Amino acid sequence: RRRRALTRRHHNAAYTHLLTDYGPLVRTGSVQNIVTIHDLRFLRGYGSRVRRLFGASMVRRACRHASAIVVPSAPVATELEAHFQARDVVVIPGAPAAFSYVDAAEARSGALFIGRDEPRKALAAARHAARTAGLALQVVDGTTSDEQLASLLASAQWLLAPSLEEGFHRPVVEALAAGTPVLASDIPAHRDRHARGAQGLVLVPAPGRPSGSRAEWPAAVRRLAAPPPAA
């Protein structure tokens, strides 16, 4: 009963780092289990102790029983191999919407943040950086339509991506597809995009974990004082 209750709670929560059915992962003659793992944020202490233990347990089971494991970026694959001795890991990058068809505004202004307000997204750091640099910041979440998001991206001077942990971070790629420069934290997921030739992606040191309600991103403030790269 406790296990079923735990499973229901994780299904209902915003718990996206492990995208799999939480049933037993077993191999039978003609059945193949393909498991997708978005990131390994629990290794960095995100979430409650119960969630971290649950996530580690599910990843171990996936590595032991799954026919294949699909991840969205090379850094996640490297971590799986290092921490869980995973094999048969397939990297399939996330698929961004095609926003390149939107005409950019003649004069871009302000900054944009796309994502939920949760600790690893570091929204408070983005707000601090934009406020200190004198930029208006617009925050949008996953309920925004593609059409609205495309319009917002086409008129923004920057997309701010201060995340402390990501598996792929699709908004970064969508912004670049719209010709919008991205100021992002220097974490493995963003570094992987940069190494693969993402032009217009500027990496700066990530903000520290906030102390209470206080969060700062000094490296971003310094970079925002200079003009953004060409769209």
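Below, each value reflects all heavy atoms present in this structure, side chains not excepted, and no hydrogens, waters or symmetry copies. Small disclaimer: the values here were computed from a predicted structure and weren't measured.
- Using a 30° and 60° split on the angle between ring planes, His190 and His169 fall in the parallel class, below 30°.
- Side-chain atoms of Ser185 come within 3.5 Å of backbone N or O of Ser163 as a donor-acceptor pair.
- Glu166 pairs with exactly one of Arg191, Arg193, Lys121, Arg41 by the salt bridge (charged side-chain N to carboxylate O under 4.0 Å, His left out) rule, that one being Lys121.
- When all heavy atoms are compared, the tightest approach of Ala220 to Val204 is N-CG2, 4.2 Å.
- Between Arg127 and Glu216 there is no salt bridge, since no side-chain nitrogen of the basic residue lies less than 4.0 Å from a carboxylate oxygen of the acidic one.
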Q: Apply side-chain contact (heavy atoms from CB on, under 4.5 Å) to Trp158 and Thr180, showing your working.
A: CA-CA 6 Å; Trp158 284 101; Thr180 303; 5.9 Å; no

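- Remark: Leu160 CG to Trp217 CH2 distance equals 5.5 Å, nearest 0.5 Å.
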Q: Decide side-chain contact (heavy atoms from CB on, under 4.5 Å) for Ile69 and Leu80; before the verdict, give the C-alpha distance in whole Å, the side-chain angles of both, and the deciding distance to 0.1 Å.
A: CA-CA 10 Å; Ile69 299 173; Leu80 273 173; 4.0 Å; yes

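- Both Val89 and Ile37 are assigned to one and the same hydrophobic cluster, defined by single-linkage of ILVMFWY side chains at heavy-atom distances under 4.5 Å.
- Annotation for Leu164 and Pro207: closest pair CD2-O, 3.1 Å, computed over non-hydrogen atoms.
- In the hydrophobic cluster analysis, where Ile, Leu, Val, Met, Phe, Trp and Tyr join through side-chain heavy atoms closer than 4.5 angstrom, Val202 is grouped apart from Leu153.
- Scanning both residues, Leu176 and Gln199, for their nearest heavy atoms gives CD2-O, 3.3 Å.
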Q) Run the side-chain contact (heavy atoms from CB on, under 4.5 Å) check on Arg52 and Ser48 step by step: do they pass? A) CA-CA 6 Å; Arg52 295 198 301 271; Ser48 66; 5.7 Å; no

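- Heavy-atom minimum distance, Leu201 versus Ala184: CD1-CB, 3.9 Å.
- Residues Ile92 and Ile34 share a single hydrophobic cluster, defined by chaining ILVMFWY side chains whose heavy atoms lie under 4.5 Å apart.
- With hydrogens and angles ignored, the 3.5 Å screen pairs a side-chain donor or acceptor of Thr78 with a backbone N or O of Ala74.
- The distance from atom CD of Glu165 to atom CZ of Phe42, rounded to the nearest 0.5 Å, is 10.0 Å.
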(Q) As a quick check of understanding, evaluate side chain to side chain donor-acceptor pair (under 3.5 Å) for Gln148 and Ser151, giving each step before the final call. (A) CA-CA 5 Å; Gln148 292 172 312; Ser151 177; over 6 Å; no

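- With contacts defined as side-chain heavy-atom distances shorter than 4.5 Å, the pair Pro93/Pro72 does not qualify.
- For Thr132 (side chain) and Ala129 (main-chain N/O), no donor-acceptor pair under 3.5 Å exists by modelled atom type.
- Looking at heavy atoms from C-beta onward, Phe168 lies in side-chain contact with Val173 at the 4.5 angstrom threshold.
- For Arg222 (side chain) and Ala226 (main-chain N/O), no donor-acceptor pair under 3.5 Å exists by modelled atom type.
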Q.
Is there a side-chain contact (heavy atoms from CB on, under 4.5 Å) between Asp88 and Ser67? Walk through the geometry before answering.
A. CA-CA 8 Å; Asp88 300 320; Ser67 305; over 6 Å; no

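- Contact of the Phe113 side chain with the Pro162 side chain is registered, since non-hydrogen atoms from C-beta on lie closer than 4.5 Å.
- We find the CD1-CG distance between Ile114 and Leu152 to be 7.5 Å, quoted to the nearest 0.5 Å.
- Heavy atoms from other residues, nucleotides or ligands lying under 6.0 Å from CD of Glu81 number more than 12.
- Here CZ of Arg64 is found 9.0 Å from CZ of Arg60. Values are rounded to the nearest 0.5 Å.
- For Phe84 against Ala56, the heavy-atom pair with the smallest separation is CE2-O, 4.0 Å.
- Contact annotation: the side chain of His128 approaches that of Val221 to within less than 4.5 Å [non-hydrogen atoms, C-beta and beyond].
- The CG atom of Leu183 sits 11.0 Å away from the CD atom of Gln157 when rounded to the nearest 0.5 Å.
- The line from OG of Ser155 to CG of Leu112 is 8.0 Å long, rounded to the nearest 0.5 Å.
- Residues Val172 and Val182 share a closest heavy-atom pair of O-CG2, 3.9 Å.
- A donor-acceptor contact shorter than 3.5 Å links the side chain of Arg108 to the backbone of Ala156.
- Within the 4.5 Å cutoff, no side-chain heavy atoms of Val90 are placed close to those of Val71.
- Side-chain heavy atoms closer than 4.5 Å link hydrophobic residues (I, L, V, M, F, W, Y) into clusters, and following such links, possibly through other members, connects Val91 to Leu40.
- Using a 4.5 Å cut-off between side-chain heavy atoms of Ile, Leu, Val, Met, Phe, Trp and Tyr, with links allowed through other members, Leu137 and Val140 fall into different hydrophobic clusters.
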